[in-house]
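Residue numbers begin at 1 in each chain, while the letters A, B, ... track the order of the sequences.
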Amino acid sequence: MFALVDCNNFFVSCERVFRPDITGKPAIVMSNNDGCVIARSEEAKAIGIKMGDPIFKCKPLLDAFNVHIFSANFSLYGDFSKRITSLLSETTNDIELYSIDESFLRFFEVPAPFQSYTALGQSIYDTILRCTGIPVSVGFGPTKTLAKLASQLAKKNKTPSFDLTKYPIDTILKTVDTQDIWGIGRRFKSRLDKLGIHTAFQLKNASEGMIKQALNLPGLQTQLELRGIPCHNLDTQEKPSKSIISSRSFGKPISAIEDLKGALASNITLAAEKLRKQGLTTSTLFVFIKTNKAHDDYMKQSIVVNLPSPTDSTQRLVGLALSGLEKIYKKNTTYTKSGVMLFNLAHQDSLQYSLFTHDLTKEEHEKRLMTAVDLINQKLGKNMVGLARTKGKIRPWESKQNKLSPSYTTEWSDIPNVKC
DNA sequence: TCTGGGGTCCTAGGACCC
DNA sequence: TCTGGGGTCCTAGGACCC
């Protein structure tokens, strides 16, 4: 049996833990740069605010209903996620961290002392709510796809726990639209529509050959999972990243190359930190700059930089990125976003050095510098030390975060005071 | 005026090998 | 008239997820 534990309105729920005054009131969380809606409370959904809507478009609704608005605070959400994971590990070690707000669990029998999976789910709900303040929905099913569906049904039926195997499956699948199935996105939905397949029940019973032809292997696997045949295993191991991306929209549009350099240096700083945290190095750097995607004259420029030898040094990567930038930069262009991607990631201990350009002394020096920088920032706060280029007094590239809540659980200075 | 960020997997086609 | 068979690796693009 698979279980999916899904946090309800996760980002909004995290904000509410420290703002009990907004319980029962409409609230949303915005994406980086305060651009669009990425999380909504039930009340916000009810008044018609859509996922992914640009803020300026739903401004009238937000004002009219006095909606509480938050900038994304990922250090807060990440910390809650960790706490929830650690609570789940008390139930079983057979656990896969699927996303920041979802985990899959696997059971071979109902664990003692519970009488049923439904009761187990209720207990998971109670524990997580009591210890963290976050409400979750727990769904049970014989495959991941069905467990995921079960957790959606739990939400729909306003119950903490839902065991799909306790109900006549086909009756339920007849009520499920194909686009609500995990693995069926917009494109697949429209292809299925053309085949006359609109419900989960129809997809389950369609001919395998037809589905394979229309949706390829991933679609076929989804079909089999609906039939109760597991195609997706539980990934309990945390795998090292294959790529690392760091990109940000600018607080204000930028044209000057000096400003772009500052933005790019910040992107690299973040990406290289992620790299070192996993003990990885990169040997391929991808740099991109973009204009506004929503405009007709949308443009993007990019360049691939292959490194002579693998590195995890912020300094070295910034140097390479900036010379790449000079090659792609166009004058008199209004850029709104920059970013970097790191590829060909390898573990530090299995490095393949270049025969000719390898300079051990220099590498040792860089390594010690980066270790010191990471340590200081970890101890004294984010970005306490960094490259001068990212530290200018005016940083027009810096994302808007006008409604940022405190980092209640991850910064000493932000811990709430309680008076009693 | 104003529209996020970070990932993975699969497939088809091309290039190459014997 | 008839033009082999089997394989790997790489890349770009498309699809999905949160």
Show the numbers, then the answer: is there a salt bridge (Lys or Arg N to Asp or Glu O under 4.0 Å) between A:Lys148 and A:Glu102? CA-CA 10 Å; A:Lys148 181 105 178 155; A:Glu102 283 168 88; 2.3 Å; yes
Checking B:dT3, B:dT8, B:dC10 against the side chain of A:Asn292 (C-beta onward), the nearest is B:dT3
To the nearest angstrom, the CD1-C1' distance between A:Ile244 and B:dG6 comes to 11 Å
> So what does A:Lys274 touch, heavy atoms closer than 4.0 Å: a base, only the sugar-phosphate, or nothing?
Replying inline: sugar-phosphate
query: Looking for any heavy atom pair under 4.0 Å, which part of the strands does A:His295 touch: base, sugar-phosphate only, or nothing?
result: sugar-phosphate
Per atom distances to the A:Ser31 side chain, the nearest of B:dG4, C:dG14, B:dG6 is B:dG4
Atom CG of A:Asn216 and atom P of C:dG13 are separated, to the nearest Å, by 18 Å
Out of B:dT8, B:dT3, C:dC18, minimum distance to the side chain of A:Trp182 belongs to C:dC18
Can a salt bridge be assigned to the pair A:Glu42 and A:Lys158 using a cut-off of 4.0 Å between side-chain N and carboxylate O? no
Once you apply a heavy-atom cut-off of 4.0 Å, does A:Asp53 come out as touching a base, just sugar-phosphate, or nothing? nothing
Q.
Classify A:Lys57 by what it touches in the nucleic acid, base, sugar-phosphate, or nothing, heavy-atom distance under 4.0 Å.
A. base
Next item on the list: Taking atom types as modelled, find out whether A:Thr178 and A:Asp180 have a side-chain donor-acceptor pair closer than 3.5 angstrom.
Entry: no
Picking from B:dT3, B:dG6, C:dC17, the nucleotide nearest the side-chain atoms of A:Ser246 would be B:dG6
So A:Lys290, base contact, sugar-phosphate only, or nothing? Heavy-atom distance under 4.0 Å. nothing
Of C:dC16, B:dC9, B:dC10, the nucleotide closest to the side chain of A:Arg187 is C:dC16
**Message:** Please classify the nucleic acid contact of A:Ser399 as base, sugar-phosphate, or nothing, using heavy-atom distances under 4.0 Å.
**Reply:** nothing
task: Scan A:Asn32 against the nucleic acid and name what it touches under 4.0 Å (heavy atoms): base, sugar-phosphate only, or nothing.
output: sugar-phosphate
Item to complete: Identify whether any heavy atom of A:Leu215 sits under 4.0 Å from a base atom; if not, whether one sits that close to sugar-phosphate; answer base, sugar-phosphate or nothing.
Response: nothing
Review point. According to the interplanar angle, ranging from 0 to 90°, do the rings of A:Phe104 and A:Phe2 count as parallel (below 30°), tilted (30 to 60°) or perpendicular (above 60°)?
Key: perpendicular
